[in-house]
Amino acid sequence: MEKCIICEKEKKIGIHLYTSFICTDCEREMVKTDTDDPKYKFYIEQMKVIKETKIVT
């Protein structure tokens, strides 16, 4: 199980972008969301963590 960066829930199935995980449910919602939908801005804000560098020890 991994924590989705969008919904912040623990999920089993999804995709990895760099060092981040997006669950299948959120991926589907993001793909079908229009850019003028208020949820679109939320998704963009949540995905900003993707560019954060994570040091694994």
Asker: I'd like a table of donor-acceptor pairs (distance under 3.5 Å, sequence neighbours excluded) in which one partner is a side-chain atom from residues 26-36, with atom names and distances.
Answerer:
residue: E29; atom: OE1; partner: K39; partner atom: NZ; Å: 3.3
residue: E29; atom: OE2; partner: K32; partner atom: NZ; Å: 3.3
residue: T33; atom: OG1; partner: E29; partner atom: O; Å: 2.5

Asker: Does the side chain of I22 come within less than 4.5 Å of Q46's, by heavy atoms?
Answerer: no

Asker: Just list the side-chain donor-acceptor pairs under 3.5 Å for residues 9-16, sequence neighbours left out, or say none.
Answerer:
residue: K11; atom: NZ; partner: D25; partner atom: OD2; Å: 2.9
residue: H16; atom: NE2; partner: E2; partner atom: OE1; Å: 3.0
residue: H16; atom: NE2; partner: E2; partner atom: OE2; Å: 2.8

Asker: How far apart are the closest heavy atoms of C4 and C23, and which atoms are they?
Answerer: SG-N, 3.4 Å

Asker: Do Y18 and Y43 share a hydrophobic cluster, counting only Ile, Leu, Val, Met, Phe, Trp and Tyr and linking them when any side-chain heavy atoms are less than 4.5 Å apart?
Answerer: yes

Asker: Can you tell me if OH on Y40 sees more than 12 non-hydrogen neighbours from other groups inside 6.0 Å?
Answerer: no

Asker: Verify the cluster assignment for I50 and F21: are they in a single hydrophobic cluster under the rule of side-chain heavy atoms below 4.5 Å apart?
Answerer: no

